[in-house]
Engineer: 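First the structure, which I've put down as structure tokens, then a few questions once you've had a look.
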Amino acid sequence: MIIATWNVNSLNVRMPQVLAWLAEWRPAILGLQELKQTTEAVDVEAIRSLGYEALVNGQKTYNGVALIYDAALGAPTDVVTDIPDFDDPQRRVIAATFGSIRVINVYVVNGEAINSDKFAYKLRWLAALHAWIKQERAEYDQLVLMGDFNIAPTDADVYDPESFRGQVLCTETERGHFNELLSLGLTDALRYIEPTEPNYTWWDYRAAGFRRDRGLRIDHVLISEGLRSRLLHAEVDRVARGWERPSDHAPVRITLGAD
DNA sequence: ATGGTCGCTTAGCGA
């Protein structure tokens with residue numbers, strides 16, 4: 001089974017691509033970020049027409065996340081749309097349990113610049129996420145934490161590490177938060193499968209970033225031990241990033257074998 | 001060369 005994450009940068013614009021991608025890859029579960037539309041505005045009927053259902057946590061203009069899942073999986077349980085005990089008007093979280101697998105889909109705060117209020121918000125957000133995931137890890141043996149983390153974990157995940165040194169997405173503080181999540185017993189699936197390839201997931205629209213392969217690996221799929229034993233494959237789908245009118249992010253998908 | 005391009009909403013912000 002395939003599980004995937006994709007920052008679509010407006011679901012309104014990207015819905016045709018999402019539908020084409022679902023039809024091509026038939027993932028069991030697809031986490032989306034940056035819907036930029038309200039829950040009510042999402043065209044769930046189009047998703048249903050392909051045999052999928054959707055859990056949506058949207059808002060107007062900014063943020064917004066969804067979990068699209070194969071209807072054959074049946075109804076998910078324990079749906080969560082907020083980090084517990086963390087007051088946040090921004091819609092950045094959707095989690096649900098599908099059979100034995102707990103899936104948490106996040107759109108981590110970008111943070112703008114290291115001296116900004118948004119960066120302070122990012123660090124508070126990551127601390128709250130860690131506390132929550134610690135609890136979830138205790139409760140669920142098979143857990144997926146995926147999404148747009150807005151963190152490049154190491155210099156190997158950056159096309160020009162020197163130019164990004166100490167900059168937002170690449171600070172040691174953010175990388176520390178990412179490593180704290182791994183310390184909860186999670187494995188970076190793409191790094192596990194591909195230890196050395198850069199595997200960028202985001203390229204700036206500006207200055208022909210994709211054509212020149214000036215990218216960062218900031219979208220991740222983290223899996224618990226109970227799923228690492230089932231991990232067969234992990235891959236960045238650069239083809240979708242090359243489509244007409246693309247998102248600035250590529251999908252990341254992992255393949256799990258049978259229990 | 002210190003910008004560039006998208007998307008949302010309509011001049012400026014967020015990424």
Side-chain angles (χ1 to χ4, degrees), chain A residues 5-21 31-43 46 56-66 88-94 105-126 129 146-153 157-171 173-175 177-178 198-220 236-252:
Chain A
T5 178
W6 194 5
N7 179 321
V8 291
N9 185 23
S10 167
L11 185 55
N12 183 47
V13 171
R14 234 64 69 189
M15 181 62 93
Q17 295 183 27
V18 169
L19 297 174
W21 202 88
L32 302 178
Q33 305 89 35
E34 280 208 86
L35 307 185
K36 296 186 173 181
Q37 61 182 175
T38 62
T39 300
E40 300 72 34
V42 173
D43 185 2
V56 182
N57 185 17
Q59 70 177 86
K60 189 174 162 64
T61 311
Y62 303 115
N63 310 309
V65 288
D88 186 6
Q90 301 192 13
R91 305 292 78 204
R92 297 178 174 278
V93 166
I94 185 128
N105 177 39
V106 297
Y107 174 46
V108 176
V109 178
N110 174 285
E112 190 193 20
I114 58 171
N115 291 318
S116 67
D117 290 346
K118 294 194 187 78
F119 191 73
Y121 165 49
K122 181 177 194 173
L123 299 186
R124 286 190 293 109
W125 202 95
L126 286 165
L129 177 67
M146 65 180 178
D148 178 357
F149 285 69
N150 271 313
I151 301 173
D157 303 305
V158 182
Y159 74 90
D160 182 359
E162 290 313 317
S163 72
F164 278 85
R165 180 93 47 223
Q167 301 296 309
V168 70
L169 312 182
C170 300
T171 66
T173 306
E174 291 159 281
R175 288 173 172 177
H177 278 283
F178 186 82
N199 271 310
Y200 306 137
T201 66
W202 171 85
W203 300 260
D204 201 317
Y205 284 127
R206 294 167 290 189
F210 184 62
R211 183 178 59 73
R212 300 200 277 179
D213 199 22
R214 296 184 167 203
L216 273 64
R217 192 175 72 97
I218 57 175
D219 303 85
H220 309 293
V236 177
D237 187 352
R238 297 171 67 108
V239 174
R241 181 60 179 80
W243 283 346
E244 188 96 7
R245 206 180 181 190
S247 168
D248 45 354
H249 295 251
V252 181

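Chain letters run A, B, ... following the sequence lines, proteins first and then strands; every chain starts at 1. Not measured: the values here are computed from a predicted model. Every heavy atom of this structure was used, including side-chain atoms; hydrogens, water molecules and symmetry mates were not.
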Engineer: So what does A:Y107 touch, heavy atoms closer than 4.0 Å: a base, only the sugar-phosphate, or nothing?
Structural biologist: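 Sugar-phosphate only.
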Engineer: Can you tell me how far P of B:dC6 sits from CH2 of A:W202, to the nearest Å?
Structural biologist: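 Going from A:W202 (CH2) to B:dC6 (P), I get 13 Å.
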Engineer: Starting at atom CH2 of A:W243, determine the distance to atom P of B:dC6, rounded to an integer number of angstrom.
Structural biologist: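 These atoms are roughly 18 Å apart.
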Engineer: With a 4.0 Å limit, can you tell me whether A:R214 has a side-chain N or O closer than that to the phosphate oxygens OP1/OP2 of B:dG4?
Structural biologist: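 Negative; the distance criterion is not met.
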Engineer: How close or far is atom P of B:dC13 from atom CG of A:N110, stated in whole angstroms?
Structural biologist: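 My rounded result for the distance is 16 Å.
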Engineer: Can you identify which nucleotide, out of B:dG4, B:dC8, B:dG14, has its nearest atom closest to the A:Y62 side chain?
Structural biologist: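 Nearest listed nucleotide: B:dG14.
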Engineer: Return the nearest nucleotide to the side chain of A:R245; candidates are B:dG7, B:dG4, B:dG14.
Structural biologist: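 For the A:R245 side chain, the nearest candidate turns out to be B:dG7.
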Engineer: What contact category does A:E34 fall into here, base, sugar-phosphate, or nothing, at under 4.0 angstrom with non-hydrogen atoms?
Structural biologist: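 Since only primed, P, OP1 and OP2 atoms lie under 4.0 Å of A:E34, the category is sugar-phosphate.
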Engineer: State which residues pass ring-ring contact (aromatic ring centres under 6.0 Å, His included) with A:F119; sequence neighbours excluded, sorted by chain then number.
Structural biologist: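 Scan of A:F119 (ring-ring contact (aromatic ring centres under 6.0 Å, His included), adjacent residues dropped) gives none.
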Engineer: Return the set of residues passing side chain to side chain contact (heavy atoms under 4.5 Å, CB included) with A:K118 (not counting sequence neighbours), or none when no residue passes.
Structural biologist: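 Only A:E112, A:S116 meet the side chain to side chain contact (heavy atoms under 4.5 Å, CB included) criterion with A:K118.
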Engineer: Report yes if some heavy atom in the side chain of A:N9 is under 4.5 Å from a heavy atom in the side chain of A:Y205; otherwise report no.
Structural biologist: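 Heavy-atom side-chain distance check passes, below 4.5 Å.
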Engineer: Which value, in whole Å, describes the distance between the P atoms of nucleotides B:dT9 and B:dA15?
Structural biologist: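 So the two P atoms sit 15 Å from each other.
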Engineer: Sequence neighbours left out, what passes side chain to side chain donor-acceptor pair (under 3.5 Å) with A:N105? Give chain and number order.
Structural biologist: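 Side chain to side chain donor-acceptor pair (under 3.5 Å) list for A:N105, sorted by chain: A:Q33.
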Engineer: What is the distance, rounded to the nearest whole Å, between atom OH of A:Y205 and atom P of B:dT5?
Structural biologist: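 Those two atoms, OH and P, are 13 Å apart.
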Engineer: Atom CZ of A:R241 to atom C1' of B:dT5: distance rounded to whole Å?
Structural biologist: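 In whole Å, B:dT5 C1' and A:R241 CZ are 10 Å from each other.
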Engineer: From CD of A:Q37 over to P of B:dG7, roughly how many Å is that when rounded to an integer?
Structural biologist: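 After rounding, the gap between these two atoms is 13 Å.
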Engineer: In whole Å, measure the gap between the P atoms of B:dT2 and B:dG12 for me.
Structural biologist: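 It comes out at 23 Å once rounded to the nearest Å.
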Engineer: For B:dG3 and B:dC8, measure between their C1' atoms and round to the nearest Å.
Structural biologist: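 About 22 Å, rounded to a whole number of Å.
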Engineer: Rounded off to whole Å, could you give me the CZ-to-P distance for the A:R206 and B:dT2 pair?
Structural biologist: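 About 14 Å, once rounded to whole Å.
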Engineer: Among A:Y159, A:W203, A:Y200, exactly one meets side-chain hydrogen bond (donor to acceptor under 3.5 Å, both in side chains) together with A:D213. Which residue is that?
Structural biologist: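 Exactly one option meets the side-chain hydrogen bond (donor to acceptor under 3.5 Å, both in side chains) with A:D213, and it is A:W203.
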Engineer: In whole angstroms, how far is the P atom of B:dG14 from the CD atom of A:Q59?
Structural biologist: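 About 13 Å, once rounded to whole Å.
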Engineer: Output all residues satisfying side chain to side chain donor-acceptor pair (under 3.5 Å) with A:Q90, sequence neighbours left out; order by chain, then residue number.
Structural biologist: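 With sequence neighbours excluded, A:Q90 shows a side chain to side chain donor-acceptor pair (under 3.5 Å) to A:N63, A:R92, A:Y121, given in chain and number order.
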Engineer: Strictly under 3.5 Å: I want the nitrogen or oxygen pairs between protein and nucleotides 9-11 of chain B, one per line.
Structural biologist:
unit_1: B:dT9; atom_1: OP1; unit_2: A:K60; atom_2: NZ; d: 3.1
unit_1: B:dT9; atom_1: OP1; unit_2: A:T61; atom_2: OG1; d: 2.9

Engineer: Considering only the P atoms, how many Å lie between B:dC13 and B:dG4, rounded to the nearest integer?
Structural biologist: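 Approximately 15 Å lies between the P atom of B:dC13 and that of B:dG4.
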Engineer: Output all residues satisfying side chain to side chain contact (heavy atoms under 4.5 Å, CB included) with A:A46, sequence neighbours left out; order by chain, then residue number.
Structural biologist: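 Partners of A:A46 under the side chain to side chain contact (heavy atoms under 4.5 Å, CB included) test: A:L19, A:D43.
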